[in-house]
Student: 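Take this structure first; my questions come after.
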Protein chains: 2
Amino acid sequence: MALIEENDAQSALTQLRAYMAQQQLPVNSRLPTERELCQALGVTRTAVRKALATLEAEGQLWRHVGKGTFVGTRPIEDLTDIATITGRTNPVEVMRTRELIEPEIARLAALNATGRDIEEMRLCMAKSRAADTWRQYESWDNRLHRVIAESTQNKLLLALFDTLNSVRRAVAWGRLRHNKPRPDPDHHSFAEHEALVEAIAERDMDRAAQAMRRHLESVERNLLRRRTAGR
Amino acid sequence: MALIEENDAQSALTQLRAYMAQQQLPVNSRLPTERELCQALGVTRTAVRKALATLEAEGQLWRHVGKGTFVGTRPIEDLTDIATITGRTNPVEVMRTRELIEPEIARLAALNATGRDIEEMRLCMAKSRAADTWRQYESWDNRLHRVIAESTQNKLLLALFDTLNSVRRAVAWGRLRHNKPRPDPDHHSFAEHEALVEAIAERDMDRAAQAMRRHLESVERNLLRRRTAGR
DNA sequence: TGAGCAACCAATTTCAGATTGGTTGTTTTT
DNA sequence: AAAAACAACCAATCTGAAATTGGTTGCTCA
């Protein structure tokens, strides 16, 4: 009598459908555990799992080891807070991502930067040249890069830049030693910053992007050299 | 003999300064606990705390209950959460930012995507073509874009993409009506997706970036048309 | 062959206890 | 009387073991 008799898996599936339909279960609410469902429905765990698998394939629920079974669609993994990101990335990814995004920011900055923005970029350059310590230099360097991001006039892009920057600060490069107490007057960054800001001031988008790319590549080489050379 | 004798707090401060200077302590590294410093420096905890308070005021370290004392400046508060960003941006910025970042993601994907990644992209395309409703189509479209971001193998970049995506979903475009119940078989996105994934599969970075750019521009035109035409 | 079953696995949660910077009140020292 | 020393306590946080949960494997039985 195949028409009447159902196997346990079918039975469990039917009961579960009824359960989810009748109860008006809120989205994201947790279902009983598989082991509890076994007893409640009076079927084996294998049957319950088969039924749950069907419902999951239909997108009615999602499951996760250690968490449980939940109504609705699986939430997208939220990797968007700084701490989480920091825990999953590494310095190389940070550098690659900067090289990917900041040139495009520079390109847009060349299009949108105001005269005042460009003035502030030049101020940052002057201050970084006059820095007495590496810490001061880095502070003005950071500020310059942020002003460029601000000058895109795009708040969302700026927010992404800030996220990237926070991650960069949080990811430990370890202790990078400087062999001099302060940047040399001919430190590579000075000329590169100069070329970058000049390109932005002249509204040359391609050149601005390229200048930023070269600058970041130069920064990266410097970091690697300092690490591999043991100082 | 005030010139020679120092009180304990001064002594502790001096010793701590020397400790931090000599050891080349990496930024974000943790100092011994206050109670340990008491013993190490042979002074009372009150003195240690007074010295630490001075150093903290100077910005050389920061402290937090239950965590400890750390070298460097206190990590900045995370203003990069979705809600904050959403409140400060608008749909145009979202679109501009997508056009800025996603082509570069596609470019990197062409370099790093695995065979399995590309298989999944093609699955997304097939599913989106077979979609019965706009909601299903959009779900598979989203999935496709995310798989491309995943295929860069860069967790940080993926996180930025997710942030951008969350903001996009949160920023209201208003109710966009579709004049048909489901995407046409010749909906513009299908061919564009095809070209994009094809470029990635062929490892053609420039073409992948360009395909993504064209696709997003096409999407934008479509959105604008639907809005200005009142449907 | 397929379902039932038990044991096991790995991811996650949970919870108690330890740790840590911060605070308060009393005692000791100067 | 003022300041430092000291102890006890607090709340936030970390730590680690135990329990929980979905997923997997291998064996048994019909």
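In this text, all values refer to a predicted model and were calculated from it rather than measured experimentally. Note on naming: letters A, B, ... go to the chains in the order of the sequence lines (proteins, then strands), and numbering restarts at 1 for each one.
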Student: In whole angstroms, how far is the C1' atom of D:dA5 from the CG atom of B:Leu37?
Tutor: 17 Å
Student: How does each nucleotide of nucleotides 19-30 of chain C score, in 5' to 3' order, for protein heavy atoms under 4.0 Å: base (B), sugar-phosphate only (S), or none (-)?
Tutor: -BBBB-------
Student: Without decimals, in angstroms, what is the distance between A:Trp62 CH2 and C:dA11 C1'?
Tutor: 13 Å
Student: Classify the angle between the aromatic ring planes of A:His215 and A:His193 as parallel (below 30°), tilted (30 to 60°) or perpendicular (above 60°).
Tutor: perpendicular
Student: Is the shortest side-chain N/O distance from B:Lys50 to OP1 or OP2 of D:dA3 below 4.0 Å?
Tutor: no
Student: Does B:Ala47 offer a backbone N or O that forms a donor-acceptor pair with the side chain of B:Thr44 under 3.5 Å?
Tutor: no
Student: With ring centroids as reference points, do A:Trp140 and A:His145 lie under 6.0 angstrom apart?
Tutor: no
Student: Between B:Tyr137 and B:Phe190, how do the two ring planes meet: parallel, tilted or perpendicular, split at 30° and 60°?
Tutor: perpendicular
Student: Give a yes-or-no answer on whether the side chains of B:Glu93 and B:Thr97 include a donor-acceptor pair shorter than 3.5 Å.
Tutor: no
